[in-house]
Amino acid sequence: MWQKLLWFCCALALTGCAVNPVTGRNELALSPVSTQQEIEMGQKAFPRVLQKMGADFPDPELDVYINRVGMRLARVSHRPDLPYRFKVVNDSSPNAFALPGGSIVISRGLLVGLQNEAQLAAVLGHEIGHVTARHAVQGMQRESLLNLGLAVLGAAADQTPYAGLAGPTGQLAAGLIDKTYSREQESEADRLGIDYMVKAGYNPLGSVQVQEYFYRQIEGGAQPSWLAGLFRSHPFSKDRMRANDAYVRQSYAATLNNPAYRLDVDPFQAAVRNLRALEPGYRLYDRARLQERKGDLNGAIATYLQAAAKAPDQALILTGLGMAYLKAGDLRSARRHLARAVRLQGDYYRSRLGLGYVLLQQHKTARAITQLERSMDLYPTAQGGFLLAEGYEKNGRRREALQLYQAVARADSRGELGQTAARRAARLAGRR
């Protein structure tokens, strides 16, 4: 009994009050997170999130458009002064999510299914609602993610690619992507998103249309991509759809047929025209990835080639093709497609990683190091660290190779890669 009392007293000592920006009420919280900490956690995790989800979708005009719509909503939210930013990620899984502090993502796979700007505003407004109500922070306070987030803020050791292999930033990014919200939080974000839509001049009917679109996916037997994306992180139900419809009709009935509150079909359709044109190629890309996972490498390569023909100059498709050639042992073809992917979009770690490996195998060590260093800057991985260490070793940079082998060994201590790195580190250390 006394142990429980001691635990309670310790917890009480660490408890503080945080003001909910939406309700204005004080909320008890273990280890309260300041606004600045919230912003910094989100900003540090955001680049890793983008890399994990295929990097940005390469359409600068669409990027400008999404940010314009997002900021129109953010300015009328409860927290207009946060440093909001909005990105379309090149991921086929329908998804949208918000990081603490205002970094918000919508996937290509969700965007392609929407029909007007008001629907887009409903999605972005919902995610802004999660930010303004500090839902991610509340969840982090209940889970081990808070410790990861605070470690990110104080991690001098997470500022180099070496430490980044085992550092908290990547773990935090993965945890935030996989995070789910409670039904209460989802409902609150729905209502806030609708409020922000109306304040920004959008017809809240767009929110109803989005919910109906989600419902059709459920009724039609949602594809695995929906279950692994939006419906996993944002649980959907028919009751939630009905509640949102009722909220719109009770609170904003006067706006539904008012021309001052717009759906804006034409601007949206113009903004997504390029994305829609490329979608057949990306459907083939998804099919190729499935073939590859099932072990049909030759079939996957053939489908990747079809995808590249349907959607030319798409770095993500070329990366998939190049990596498939790499698995097949065709280094020449792998290098050609991966190098082209890097030229088209050099900020995706996987393209750089694959090209670095090819160059290493072709004994072009200095060029391999350049690619692998950039890959590690973008998204540190144990595989990238091992290859870079190998490049350093071949280039006579033994101290850097030793440090990186040791980092890989720590990050993957039970894996074959980590154990191989440990043996190489021991060999290099023994030469001193």
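Values below: every heavy atom of this structure, side chains too, minus hydrogens, waters and symmetry copies.
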How close do [X] and [Y] get, counting heavy atoms only, and between which atoms?
X	Y	value
Leu331	Val358	O-CG1, 3.8 Å
Leu284	Thr303	O-CG2, 3.3 Å
Leu73	Ala200	CD2-CB, 4.0 Å
Ile128	Ser77	CG2-CB, 3.9 Å
Tyr261	Asn203	O-CB, 3.3 Å
Ala425	Leu402	O-CD1, 3.3 Å

Does [X] use its side chain to pair, donor to acceptor, with the backbone of [Y] at less than 3.5 Å?
X	Y	answer
Asp330	Tyr325	no
Arg79	Val131	yes
Gln37	Ser34	yes
Thr132	Gly129	yes

Do [X] and [Y] pair up side chain to side chain, a donor and an acceptor below 3.5 Å, judged on atom types alone?
X	Y	answer
Arg276	Gln269	yes
Ser92	Asp286	yes
Tyr247	Asp195	yes
Ser351	Thr319	yes
Asp190	Asn244	yes

If you look only at pairs with a residue in residues 343-373, which of them pass as a ring pair (Phe, Tyr, Trp, His ring centres under 6.0 Å), with sequence neighbours excluded? Tyr349-Tyr379

Pairs meeting criterion ring pair (Phe, Tyr, Trp, His ring centres under 6.0 Å) with involvement of residues 395-422, two or more places apart: Phe386-Tyr405

Check [Y] with [X], please: is the shortest side-chain N to carboxylate O separation under 4.0 Å?
X	Y	result
Lys294	Asp296	no
Arg262	Glu117	no
Glu38	Arg134	yes
Asp91	Arg108	no

When rounded to the nearest 0.5 angstrom, what is the spacing between [atom1] in [X] and [atom2] in [Y]?
X	Y	atom1	atom2	result
Glu186	Glu188	CD	CD	10.5 Å
Ser107	Asn95	OG	CG	5.5 Å
Leu82	Thr35	CG	OG1	7.0 Å
Glu393	Leu428	CD	CG	4.5 Å
Arg240	Gln211	CZ	CD	5.0 Å
Ile66	Met71	CD1	CE	14.0 Å

Would Asp264 and Asn116 satisfy side chain to side chain donor-acceptor pair (under 3.5 Å), going step by step from the backbone distance to the final call? CA-CA 6 Å; Asp264 281 345; Asn116 57 55; over 6 Å; no

Could you go step by step and tell me if Thr420 and Arg423 meet the side chain to side chain donor-acceptor pair (under 3.5 Å) rule? CA-CA 5 Å; Thr420 302; Arg423 289 193 294 271; 3.2 Å; yes

Holding to salt bridge (charged side-chain N to carboxylate O under 4.0 Å, His left out), I want the full list of residues that pass it with [X], two or more places apart in sequence or in another chain.
X	result
Arg289	none
Lys199	none
Arg191	none
Arg397	Glu373, Glu400

Other residues, nucleotides and ligands only: do more than 12 of their heavy atoms fall within 6.0 Å of [atom1] on [X]?
X	atom1	answer
Arg68	CZ	yes
Lys310	NZ	no
Glu61	CD	no
Arg332	CZ	no

side-chain contact (heavy atoms from CB on, under 4.5 Å) evaluation trace for Leu372 with Leu353: CA-CA 6 Å; Leu372 293 167; Leu353 177 65; 3.9 Å; yes

Is any side-chain heavy atom of Leu388 closer than 4.5 Å to a side-chain heavy atom of Met376? yes

Note, Gln419 side chain near Ser413 side chain (heavy atom, < 4.5 Å): no

Show, in sequence, the C-alpha distance, side-chain angles and deciding distance for Arg287 and Glu292, and conclude whether the salt bridge (charged side-chain N to carboxylate O under 4.0 Å, His left out) test is met. CA-CA 9 Å; Arg287 186 188 307 170; Glu292 192 174 351; over 6 Å; no

Could you give me the CA-CA distance, side-chain angles and deciding distance for Gln314 and Phe57, then say whether side-chain contact (heavy atoms from CB on, under 4.5 Å) is met? CA-CA 9 Å; Gln314 291 300 294; Phe57 180 71; 4.0 Å; yes

Could you tell me if the ring centre of His78 sits under 6.0 Å from that of Tyr196? yes

Students often mix this up, so state it plainly: with edges at 30° and 60°, are the rings of His126 and His130 parallel, tilted or perpendicular? perpendicular

Stepwise side-chain contact (heavy atoms from CB on, under 4.5 Å) test for Leu321 and Ile317: CA-CA 6 Å; Leu321 176 57; Ile317 294 175; 5.6 Å; no

When you look at Asp313 and Arg340, which way does the salt bridge (charged side-chain N to carboxylate O under 4.0 Å, His left out) test go after all the steps? CA-CA 8 Å; Asp313 296 335; Arg340 188 168 168 222; 2.4 Å; yes

Can the positive tip of Arg72 be found less than 6.0 Å from the middle of the six-membered ring of Tyr202, inside 45° of the ring normal? yes

Go through it in stages, so that I can follow the logic: the residues are Leu318 and Tyr304, the test is side-chain contact (heavy atoms from CB on, under 4.5 Å), and I'd like the CA-CA distance, side-chain angles, deciding distance and then a yes or no. CA-CA 8 Å; Leu318 293 170; Tyr304 277 128; over 6 Å; no

